[in-house]
Chemist: 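Structure provided below as structure tokens; questions to follow.
The residues of the chain are indexed from 1 along the displayed sequence.
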Amino acid sequence: MPDVSYLDAVRKSYDTVATAYFERVKSPAELDPLSRGMLDVFAETVRAAGLGPVADLGCGPGKVTAHLAERDVPAFGMDLSPAMIKLARDAHPDLRFGVGSMTALPFADDILGGVLAYYSTHHTPPELLPVVFGEFHRTLVPGGHVMLAGHVGVGQHLRPTQAYGGLPVSYESYLLPPDGLAELLKQAGLVLTARLVEEPDEGAERTFATFLARKPERP
């Protein structure tokens with residue numbers, strides 16, 4: 001079994017900042033056109049495929065899950081943080097949310113029509129990303145789709161002590177190159193179909209990347 005002790009720091013940190021996160025993080029409707037457009041492309045793709053439910057992994061307070069549901073996607077959310085899941089359930093009582101880890105998804109093989117990991121994998125140590133992406137592959141039906149989006153960089157390892165209004169956190173973040181993430185998706189058996197790299201706006205520090213991929217059909 002891989003060492004997933006880092007999850008304790010991630011869980012505790014997001015339980016601490018959950019309310020501040022909910023208040024500060026933008027809803028999809030407030031995102032820049034490219035980011036919002038990629039979410040809508042994913043929504044249209046999984047809706048048209050009609051292969052099964054779509055898991056928003058690392059859903060936080062459920063804003064993106066709700067965005068998908070508003071576009072007739074059969075979406076549900078999962079997050080490591082119980083405090084985040086409570087916020088999601090309170091804000092969206094008509095949707096399904098549960099606590100869980102991407103390192104061991106509580107789903108059967110070949111059951112999901114789509115997986116969304118929206119700014120939710122950067123706390124995973126790079127050596128464990130094959131485990132996470134392997135879980136995406138395992139739980140997707142053949143032909144199912146993945147959207148991975150988040151911060152990228154040149155291999156930075158960040159150890160912040162405060163976040164979201166100055167609240168204490170103990171998680172770590174890893175900013176990998178886009179090519180490296182693309183290769184890890186491929187190694188997990190996923191076929192990359194598109195990628196978008198967004199350079200930071202003036203005054204911003206982070207570069208963002210979005211990847212679309214799918215699980216191949218069986219021969």
Side-chain angles (χ1 to χ4, degrees), residues 1-4 6-7 10-11 14 38-39 41-60 62-69 71-82 84-85 88-89 92 95-150 176 180-195 209-219:
M1 292 291 293
D3 179 6
V4 294
Y6 77 98
L7 294 175
V10 177
R11 181 185 299 107
Y14 278 102
M38 291 298 282
L39 272 175
V41 166
F42 177 71
E44 182 176 346
T45 300
V46 293
R47 184 178 64 244
L51 295 173
V54 175
D56 178 8
L57 303 179
C59 66
K63 294 182 180 182
V64 178
T65 319
H67 182 80
L68 294 178
R71 281 145 184 79
D72 297 321
V73 173
F76 68 95
M78 191 193 83
D79 199 275
L80 189 64
S81 162
M84 286 288 196
I85 290 300
R89 288 171 173 166
H92 310 287
L95 299 178
R96 180 162 58 99
F97 297 95
V99 176
S101 168
M102 286 184 281
T103 59
L105 293 175
F107 315 132
D109 296 356
D110 302 335
I111 195 170
L112 298 175
V115 166
L116 174 65
Y118 200 71
Y119 292 81
S120 58
T121 62
H122 57 281
H123 298 307
T124 305
E127 64 271 19
L128 291 182
L129 282 175
V131 174
V132 171
F133 294 164
E135 284 290 273
F136 294 178
H137 183 277
R138 178 185 68 79
T139 56
L140 281 169
V141 300
H145 296 272
V146 174
M147 176 172 163
L148 171 70
L176 302 184
L181 286 169
E183 182 59 29
L184 288 173
L185 289 169
K186 293 176 183 177
Q187 289 176 9
L190 298 164
V191 178
L192 196 67
T193 58
R195 76 171 85 179
T210 303
F211 305 86
L212 297 177
R214 61 178 174 82
K215 180 174 177 176
E217 298 277 1
R218 289 196 177 99

Chemist: Go through it in stages, so that I can follow the logic: the residues are T103 and V132, the test is side chain to side chain contact (heavy atoms under 4.5 Å, CB included), and I'd like the CA-CA distance, side-chain angles, deciding distance and then a yes or no.
Modeler: CA-CA 5 Å; T103 59; V132 171; 4.1 Å; yes
Chemist: Apply side chain to side chain contact (heavy atoms under 4.5 Å, CB included) to residues M147 and T210 and explain how you reach the verdict.
Modeler: CA-CA 7 Å; M147 176 172 163; T210 303; 3.5 Å; yes
Chemist: Of the non-hydrogen atoms in M78 and V99, which two are nearest, and what is the gap between them?
Modeler: CG-C, 4.0 Å
Chemist: Distance check, rounded to the nearest 0.5 Å: T45 atom OG1 versus M38 atom CE?
Modeler: 9.0 Å
Chemist: Taking all non-hydrogen atoms of both residues, which atom of Y14 and which atom of H122 are closest, and how far apart?
Modeler: OH-NE2, 4.4 Å
Chemist: Are C59 and I85 side-chain neighbours, meaning at least one heavy-atom pair lies under 4.5 Å?
Modeler: yes
Chemist: Is there a donor-acceptor contact under 3.5 Å from the side chain of R47 to the main chain of L68?
Modeler: no
Chemist: Just how far is it from atom NE2 of H123 to atom CG of L80, taken to the nearest 0.5 Å?
Modeler: 10.0 Å
Chemist: Closest heavy-atom contact between A88 and G62?
Modeler: CB-N, 3.9 Å
Chemist: Does R96 count as lying over the ring of F76, i.e. NZ or CZ under 6.0 Å from the six-ring centre, within 45 degrees of the axis?
Modeler: yes
Chemist: Roughly how far, to the nearest 0.5 Å, is CG of L192 from CG of L148?
Modeler: 9.5 Å
Chemist: Is there side-chain contact between F97 and T65, with at least one heavy-atom pair below 4.5 Å?
Modeler: yes
Chemist: I need the L190 CG to L212 CG distance, nearest 0.5 Å.
Modeler: 12.0 Å
Chemist: Of all the heavy-atom pairs spanning A188 and G134, show the shortest one and how long it is.
Modeler: CB-N, 4.1 Å
Chemist: Closest approach of L105 and R138, non-hydrogen atoms and distance?
Modeler: O-NH2, 3.1 Å
Chemist: Would you name the heavy atoms of A69 and L95 that are closest together and state the gap between them?
Modeler: CB-CD2, 3.7 Å
Chemist: Can you name the one residue among D56, V46, L57 that meets side chain to side chain contact (heavy atoms under 4.5 Å, CB included) with L116?
Modeler: D56
Chemist: Per the side chain to side chain contact (heavy atoms under 4.5 Å, CB included) rule, which among F133, F211, F136 passes with V146?
Modeler: F136
Chemist: Are the side chain of E135 and the backbone of M102 linked by a donor-acceptor contact shorter than 3.5 Å?
Modeler: no
Chemist: Has K215 got a side-chain atom pairing as donor or acceptor with H137's backbone, closer than 3.5 angstrom?
Modeler: yes
Chemist: Any chance you could measure L7, atom CG, to S101, atom OG, to the nearest 0.5 Å?
Modeler: 4.5 Å
Chemist: In Å and rounded to the nearest 0.5 Å, what is the CG to OG1 distance from L176 to T121?
Modeler: 8.0 Å
Chemist: After noting the C-alpha distance and the side-chain angles of D110 and R218, does the key distance pass the side chain to side chain contact (heavy atoms under 4.5 Å, CB included) rule?
Modeler: CA-CA 11 Å; D110 302 335; R218 289 196 177 99; 2.4 Å; yes
Chemist: Quick check on Q187: does its CD atom have over 12 non-hydrogen neighbours (other residues, nucleotides or ligands) under 6.0 Å away?
Modeler: yes
Chemist: Establish, from distance only, whether the side-chain atoms of Y118 and H67 form a donor-acceptor pair under 3.5 Å.
Modeler: no
Chemist: For D109 and T139, indicate whether the former's side chain and the latter's backbone hold a donor-acceptor pair under 3.5 Å.
Modeler: no
